[in-house]
S.K.: 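Take a look at this one; I'll ask things after.
Reminder, nothing fancy here: chain letters follow the sequence lines and each chain counts from 1.
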Amino acid sequence: MTPLSLLGVASSLPEEIVPNDFFGPNVAEHRGMFTAPHERRHLRRDQTASALIAGAAERLITKLDLERARDIDLLFTNVALPDQAFTGCGAEVARMLGIRPRRVIDLHNTGCVSFVTMLDLAGVLLRESGARGALLCCAQTAGGRVFAQEGVRHEAHAPVPGDGAGVGYVALSELSPVLSVVTRCQPEFASDMVAEASDGRRYWEPGTSPITLKFTEQRVAAIMHRGNAVVPEMVTEACTAAGVRARELELLVTNQPNPIFLRNWREALELPREKHHDTFDRYGNLFGAAIPINLEDALAAGKLPGGGLVALGGFSHAGDYAAAAVLDWRRS
Amino acid sequence: MKTLVPGTLDGIDGLVRCERFDRPALGERISELTHTVYSHDQVYGEYCTIHRHIACPPLELFRYLQDPYSLLEWTYSVRALRPVPGDDELLVGVDAASTPIYVKTVSHEDALTVDYHCAWDQGRELWMIYLYRIVPAELVLKRPGSVVIWTNCRHPYYAKNPFPELDSDPQRTWVGEWWPLFYGGHSVELDNLKAIVEHRAVRGIPLGPRLLEAP
């Protein structure tokens with residue numbers, strides 16, 4: 001059986017660089033869960049996630065020399081806060097790219113680890129349908145759309161998120177095989193992250209107070225605890241499923257909620273810092289876009305000159321989903 | 001010399017003793033038990049034990065810990081302690097801003113142990129028990145000062161407030177929700193204790209606590 005291969009990744013970041021003083025004084029002194037990156041990017045009001053994704057996808061199409069009509073049968077998107085209510089971004093991305101994929105899936109869940117979920121689903125769908133290849137598109141938009149709003153930007157966690165899009169292309173091929181994908185749903189954490197306004201209105205109800213994203217106060221310790229443990233567990237599980245050991249990994253790429261999680265994950269997996277590549281200090285918490293963006297950044301930084309085993313992993317929201325994959329990266 | 005009554009351990013499964021486990025068999029067993037990395041849960045899941053060396057003579061440190069009003073100095077949030085009328089041994093104060101916390105101190109000078117038996121909201125069943133043992137560092141580390149060992153055990157009430165009717169603040173986070181952060185939180189407080197005690201001990205001034213009567 002021909003394996004699924006991840007053939008390439010590309011990213012696109014909004015040009016607007018937001019410094020720490022936008023969020024108030026002494027932001028750089030926050031530690032722990034709210035450690036602020038040095039800077040991050042924000043989408044402006046007139047910019048769309050679809051355009052950001054399309055920008056990254058165009059780069060990838062050029063890089064891999066894809067023929068649009070032939071090579072892209074399947075399009076996935078996951079967008080933190082989509083451009084429109086109801087519709088999702090998939091069809092708009094397809095319009096911008098001039099493609100007509102057989103299937104377009106706007107994945108609503110698995111946020112920060114949606115790239116791995118897409119790998120999993122793409123493997124199943126490509127095999128069953130005999131389709132040629134899939135674009136996996138993840139965009140984080142909550143930086144500009146939520147955390148830049150007056151009434152939100154001065155909150156302790158507002159400086160952490162940043163916007164960006166990352167896109168991967170997968171096909172059935174021997175070139176860079178995905179050796180394993182493991183996924184998990186943890187329903188007990190399903191309601192621990194909430195989008196709420198200070199006046200108590202629902203997000204669809206009219207009002208003037210801004211919406212922000214929060215963990216429920218009572219569960220912060222449990223969420224941190226679970227987050228610390230679950231990513232190393234999933235990466236270890238993916239390594240076992242691939243028949244390799246975590247210490248053999250050449251590169252670990254995860255979502256990047258904060259530097260504490262990043263430190264704890266690589267410590268638990270006994271990986272040196274240089275093998276766990278992140279862009280937190282430049283881009284902040286990129287939600288689901290972190291994995292493809294960080295992978296492209298690691299490749300650009302020469303982290304895999306001769307290829308090697310790569311693990312992708314993370315968890316979403318307050319821990320409702322977690323996933324990891326191991327691939328044998330053979331492309332230069 | 002003494003020896004065991006023949007057959008006294010019969011019927012007790014799982015014992016590892018040299019008569020039945022030779023050195024290679026023991027080696028296999030203990031190398032299997034020895035990991036490079038332990039998860040936070042494995043180390044701090046059911047029991048949270050931390051320790052520090054404190055540059056202060058053991059008996060002086062014992063006297064400082066034995067005085068529950070010292071908690072006003074070195075804990076993060078236990079404040080406003082006062083006696084509970086009608087109970088000579090029980091104090092009540094506030095924790096986490098406005099939660100009533102009850103404290104009874106049980107200490108043994110010969111053993112250098114000080115245990116704070118505490119509970120939120122009520123003083124009848126003191127189930128949050130903070131266990132301290134002081135060991136002369138001269139004995140165990142061949143250096144002056146004290147080693148302090150602090151243990152908490154994960155009582156089932158940490159998982160669920162047994163007296164929810166006593167909680168008047170619906171926004172309050174139950175103490176047990178913080179168990180996963182106890183290692184960090186207790187480390188902060190033990191470092192407070194070390195800093196205060198060493199500051200005073202090094203200067204040769206009384207350890208305290210320094211108290212005023214308040215209304």
S.K.: When you scan chain A against chain B, which donor-acceptor pairs turn up at less than 3.5 Å?
M.R.:
unit_1, atom_1, unit_2, atom_2, d
A:Q218, NE2, B:R172, O, 2.7
A:H225, NE2, B:D41, OD1, 2.8
A:H225, NE2, B:D41, OD2, 3.4

S.K.: Tell me, please, which residues at least two apart from A:D297 pass salt bridge (Lys or Arg N to Asp or Glu O under 4.0 Å).
M.R.: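 Per chain and number, A:D297 pairs via salt bridge (Lys or Arg N to Asp or Glu O under 4.0 Å) with A:R282.
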S.K.: So does A:H154 have more than 12 non-hydrogen atoms from other groups sitting under 6.0 Å from NE2?
M.R.: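 Enclosed.
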S.K.: Got a sec, which residues hit salt bridge (Lys or Arg N to Asp or Glu O under 4.0 Å) with A:R201, two or more places apart in sequence or on another chain?
M.R.: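 A:R201 satisfies salt bridge (Lys or Arg N to Asp or Glu O under 4.0 Å) with A:D199 only.
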S.K.: Can you see which heavy atom on B:P180 is nearest to which on A:A221, and at what distance?
M.R.: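 Reported closest heavy-atom pair: CB-O, 4.1 Å.
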S.K.: Listed by chain and number, what are the side-chain hydrogen bond (donor to acceptor under 3.5 Å, both in side chains) partners of A:Y321, not counting sequence neighbours?
M.R.: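 Counting only residues at least two positions away or on another chain, A:Y321 forms a side-chain hydrogen bond (donor to acceptor under 3.5 Å, both in side chains) with A:N109.
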S.K.: Is the OH atom of A:Y203 crowded by more than 12 outside heavy atoms at less than 6.0 Å?
M.R.: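 No, OH of A:Y203 has 12 or fewer neighbouring heavy atoms, counting only those of other groups under 6.0 Å.
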